[in-house]
Structure formats: structure tokens, C-alpha cells
**Student:** 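Got a structure here, written out as C-alpha cells. Questions coming.
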Amino acid sequence: MYWSGGTEIITLGRVNLVYTEAVIDLKHIPECRALAVNDQSLIVGSALTLSELYDSRVFPLLGETGSGVADRTSRNKITLGGNICSQFIYKEAVLPLLLTDSDLVIAGPSGARRIPIGQIFNGTLRLGSGEFLVQSVTDSQYLTMPHFSIKKRKVAAIDYPVVTTAAIRTNSGIRLAFSGLCAFPFRSAALERLLNESKLPVAERVGLAASQLPAPILSDMKASAAYREIVWKNVLIDILTTLGE
Amino acid sequence: MRIELLLNGEKHLVEVQPPELLLDVLRETFGLTGAKPGCRNGDCGTCTVTVNGWPMKSCLMLAAEASGQAVVTVEGLGDADIQQAFVDKFAFQCGYCTPGFIMNIHALSSKHPQADEATIRDWLQSNICRCTGYEEIRQAVVSVLEGKVKGM
Ligand SMILES: Cc1cc2nc3c(=O)[nH]c(=O)nc-3n(C[C@H](O)[C@H](O)[C@H](O)COP(=O)(O)OP(=O)(O)OC[C@H]3O[C@@H](n4cnc5c(N)ncnc54)[C@H](O)[C@@H]3O)c2cc1C
Ligand code: FES
Ligand code: FES
């Protein structure tokens, strides 16, 4: 089993939800700890911690979205790769990579390959047997685009999300990705088309938004589906207003 | 397995089991009971120590992962300003959360001596005080960052 921050393996291991005879610590692979700008792109190693990404300020949207996960001290240990490959449904740090059409570098028994995130992340990261996430590669043009990231929780300042939303404004419109809304994190082309339909008033676009979701809205002890939908729609109005027409 | 720990400034070679938590090795092998077990799940922060100067929950770290790293527990702080500030501001009641808060704030004041309110809040949210002494704890942090701690 691959080990990155190890926080999930330790905490789920404690209650017998994870069992492993041996682990491979990815933190010792230099490529997994890389943080560099090369050929117009930003390379982020999967074993960088969420605190390191936030403090580096190189990719503000990734830093800010990651900073909604857990608490600051835990984020000194939780890594980007561990969050994206987490057994939990939230994987909030994947949202900025979906929005920026980043590539992922995956390595395994048959070598390394680079693949657009849209082809390998579909609710979860579809890794082959023995494969692990090495890095993400993001076109640097995205790093300075206007962005928005907000995590709505039930009550406490530290908690899993009712809904986490990340968005950027590109030349061709606003892109949005969500965690906690459905049972997996996602970005939806149909939803983006609707929300960028500038001929329709914002309220009307938001009113139709639920019809373009890829799955039912989650209903659990944090929030009923109806409450989640209201919270989500208010966030959509804030984003469309803030990131503008 | 044998690991080398730079613990409170001293080098130690110690035999640990691969799955053993840093928290348990500190308490059971070294008798350093300042790091407290609370939730053992990363939620409460009472087990916080510093690793290479950064606060770390010792229940979220294997002892094996700390090999070769500089670990400091509350016992290794000496006379840090934050300890006096806790006394000055009455920043504890039962005291169970205190070592964890102190290690987190000590790291904050060395990494961010000019920390703004948002940074203080972000870092301190990692620790829970069941006696709810948060306002006094915040005052202790501010007095350390402003260099206003009364002498021992
Ligand atoms: C106190 C606390 C609060 C939390 N709050 C939140 C929250 O608010 N939102 C949220 O989204 N999550 C939250 N989490 C969950 C946390 O983000 C995930 O558990 C995350 O997986 C931990 O990252 P890690 O680096 O410690 O992962 P690890 O424990 O190292 O690994 C997690 C899983 O991913 C696999 N893995 C790790 N790295 C790779 C890789 N590079 N390639 C392939 N597989 C890999 C491991 O084999 C394992 O199955 C919280 C966790 C804790 C302890
Ligand atoms: S015991 Fe480590 S965070 Fe609670
Ligand atoms: S002083 Fe009692 S838990 Fe904080």
C-alpha cells in the first residue's frame, strides 16, 4: 500500500477499516516532493502537504481549496496525493486540478505516463494495479486567473463539507467544480454551459442548475438534500456575481 | 526496526515497531508524557509536538516517519515565553490541552512572528480545549507575538 501523509491509513487503521502488511512511503521519492515551474507549467509533487501548498502561494486556488481540508496542524501532514486518493468521498484538493485541465503523472510497474485529469479522474482516480500518483502538471496561464473557493460546513469551523465549491474565470467563461454536493467530486460541462448562458438572468440559470447535476444531491447527517441544494444555489449566485459576466 | 530520533536536542537510537505511533513512543519509551492522548484520531491536538519546527499531531505520525527528524515535546521547551504567557493570562483550567496548545503556539511564534488574526485563528483551530479557555489562550498568544510577556 502506498503511504503519503499516512493520516488516513493511521486513523482508518485504528478502527480496522484499513489493513496493510507493508507500506511504501512516497515522501522519499524526489519527484513526489517536486514543486517547480517548467516550460510554462507548474509541477506539484503528490507528497507535498496541503500546508506547503498553501504557504508556497504558487497556485492560490489550490492552496486555498486545500486549506479548507481538516485543520492547519493536520494539513502539515495531509498531502495532495493522499487527499485525491482518499477513501472519503470529498477529495477537495482535486477541484482546482479539474478546473485547470491539469495533467497527472502516474507511475507503476510498467513505467510512468502523463494523462489529462479528465481521462483518469471520474469521481475517483482510476489507477491501475500498482500505480500511484506522482505529480500534477498545470498550465501556468491558469495560476493567476480570477478564482473563488468556498467551503460550507454544517456548524463547526473544521468539518467535512456540506458543499465545497471552487471556480475560476477563464477567457471562455466560468468553470466550477464541487465536492460534498453529490457522492463524488466533479466538474460538469453541461452545468458550466448553463451557468455561462449570459442571456438568461442569474437567478434563472441557478434555478435550472440542479437539472444538470451528474448524480442526486447527497442527503446525510450533515445536511438533507433540500438544504444542500439551497446552500449550493446561494454559493452559485455569489460566484456568478463575484466572478462577473 | 531501529530509528534515530533527535529528541529535545539529544540524539537517541531506539528500537520501535513499524506501526507504532510517535505519540506512544514518546510516552512509553521515553516517559515524555507531555504529549497527551486525547482522540488519537487527529481531531483534538492535545498530542501536538514539533517536528523540524512545525507543529505535528504525534497521533498522526509513525515513530518510523520521525526517524532523522528533530522532535521537540513540551518537556524540551525550556523557558519559552508562551509558558509564562499561559500563567500570566490564566490560559488553562484542567490543563490537559495545555502542552498541545503551547507546542502549536510556540511553532506559530517562531514561524510567523508577525502572524495576523486570520493566521492565529487558522493555526489555533487545530487544538480543542474542553474547558473552553479560548479567549485567555488567544490573549496569551497575542502577548507572546507582541513581546509583552512578564519575566519569570
Ligand atoms: C483530522 C482530519 C480531518 C479531515 N478533514 C477532511 C476534510 O475536511 N476534507 C477532506 O477532503 N478530507 C479530510 N480528511 C481526510 C484526509 O484529507 C484524507 O484522509 C487524506 O487521504 C489524507 O492524506 P494523507 O496524505 O495523509 O493520505 P494517506 O493516509 O497517506 O493515504 C490515503 C489513501 O490514499 C492512498 N494514496 C496516498 N497517496 C497516494 C498516491 N500518491 N498515489 C496513489 N495512492 C495514494 C493511500 O494508499 C491511502 O489509501 C481529514 C483527515 C483528518 C485526519
Ligand atoms: S490525540 Fe492526537 S489529535 Fe487528538
Ligand atoms: S484547560 Fe482543560 S481542556 Fe483546556
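Per chain, numbering begins at 1; letters A, B, ... match sequence-line order. Excluded from the calculations below are hydrogen atoms, water molecules and symmetry mates; all remaining heavy atoms, backbone and side chain alike, are included. Remember, predicted model here, so these are calculated numbers, not experimental data.
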**Student:** If you count the non-hydrogen atoms of other residues, nucleotides and ligands that lie under 6.0 Å from OH in A/Y227, is the total more than 12?
**Tutor:**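 Counting other residues, nucleotides and ligands, OH of A/Y227 stays at 12 neighbours or fewer.
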
**Student:** Hey, what do you get for CG (B/N127) to OG1 (A/T73), rounding to the nearest 0.5 Å?
**Tutor:**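 The CG atom of B/N127 sits 6.0 Å away from the OG1 atom of A/T73.
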
**Student:** Less than 4.5 Å to any heavy atom of chain A: does that hold for the side chain of B/N104, its backbone, both, or neither?
**Tutor:**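 Contact with chain A is through the side chain of B/N104 alone.
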
**Student:** Looking at A/I10 and B/M61, what are the two nearest heavy atoms and their distance?
**Tutor:**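 Heavy atoms only, the tightest pair is CD1-N, 3.8 Å.
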
**Student:** For the side chain of A/R14 and the backbone of B/R40, is there at least one donor-acceptor N/O pair under 3.5 Å apart?
**Tutor:**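 Confirmed, A/R14 side chain pairs with B/R40 backbone.
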
**Student:** For the CD atom on B/Q17, are there more than 12 heavy atoms of other groups (residues, nucleotides or ligands in this structure) within a distance under 6.0 Å?
**Tutor:**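 No, because the 6.0 Å sphere around CD of B/Q17 holds 12 heavy atoms or fewer from other groups.
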
**Student:** To the closest 0.5 Å, what do you measure between CZ (A/R75) and CG (B/D122)?
**Tutor:**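 One finds 5.0 Å between CZ of A/R75 and CG of B/D122.
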
**Student:** Answer yes or no: does atom CD of B/Q114 have more than 12 heavy-atom neighbours from other residues, nucleotides or ligands under 6.0 Å?
**Tutor:**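 Count not over threshold, so no.
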
**Student:** Does any heavy atom of chain B fall under 4.5 Å from the side chain of A/D159, the backbone, both, or neither of them?
**Tutor:**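 Neither the backbone nor the side chain of A/D159 comes within 4.5 Å of chain B.
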
**Student:** Working to the nearest 0.5 angstrom, can you tell me the gap between A/I9 CD1 and B/L60 CG?
**Tutor:**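 Between atom CD1 of A/I9 and atom CG of B/L60 there are 12.0 Å.
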
**Student:** Under the side chain to side chain contact (heavy atoms under 4.5 Å, CB included) rule, what do A/D71 and B/K57 come out as? Steps first, then yes or no, please.
**Tutor:** CA-CA 11 Å; A/D71 59 272; B/K57 293 176 177 176; 2.8 Å; yes

**Student:** Would you say A/R126 has more than 12 foreign heavy atoms packed within less than 6.0 Å of its CZ?
**Tutor:**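 Yes.
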
**Student:** Any chance you could measure B/M56, atom CE, to A/S51, atom OG, to the nearest 0.5 Å?
**Tutor:**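 Here the interatomic distance stands at 8.5 Å.
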
**Student:** Is B/L21 close to chain A through its backbone or its side chain, or both, or neither, when contacts mean heavy atoms under 4.5 Å?
**Tutor:**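 Contact with chain A: side chain only.
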
**Student:** How long is the span from the CG atom in A/N76 to the CH2 atom in B/W123, to the nearest 0.5 Å?
**Tutor:**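 Atom-to-atom, A/N76:CG and B/W123:CH2 are 6.5 Å apart.
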
**Student:** Looking at A/K152, I'd like to know if its NZ atom is crowded, meaning that more than 12 non-hydrogen atoms belonging to other residues, nucleotides or ligands lie closer than 6.0 Å.
**Tutor:**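 No - once you tally the heavy atoms of other residues, nucleotides and ligands closer than 6.0 Å, there are 12 at most.
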
**Student:** Just verifying a value: how many Å separate B/Q125 CD and A/S74 OG, rounded to the nearest 0.5 Å?
**Tutor:**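 It comes to 12.0 Å.
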
**Student:** Let's go through B/V51 and A/K77 carefully: what are the C-alpha distance in whole Å and the side-chain angles of both, what is the deciding distance for side chain to side chain contact (heavy atoms under 4.5 Å, CB included) to 0.1 Å, and is it a yes or a no?
**Tutor:** CA-CA 11 Å; B/V51 177; A/K77 193 94 192 322; over 6 Å; no

**Student:** Counting neighbours of OH on A/Y54 that are heavy atoms of other residues, nucleotides or ligands and sit closer than 6.0 Å, is the number greater than 12?
**Tutor:**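 No, OH of A/Y54 has 12 or fewer neighbouring heavy atoms, counting only those of other groups under 6.0 Å.
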
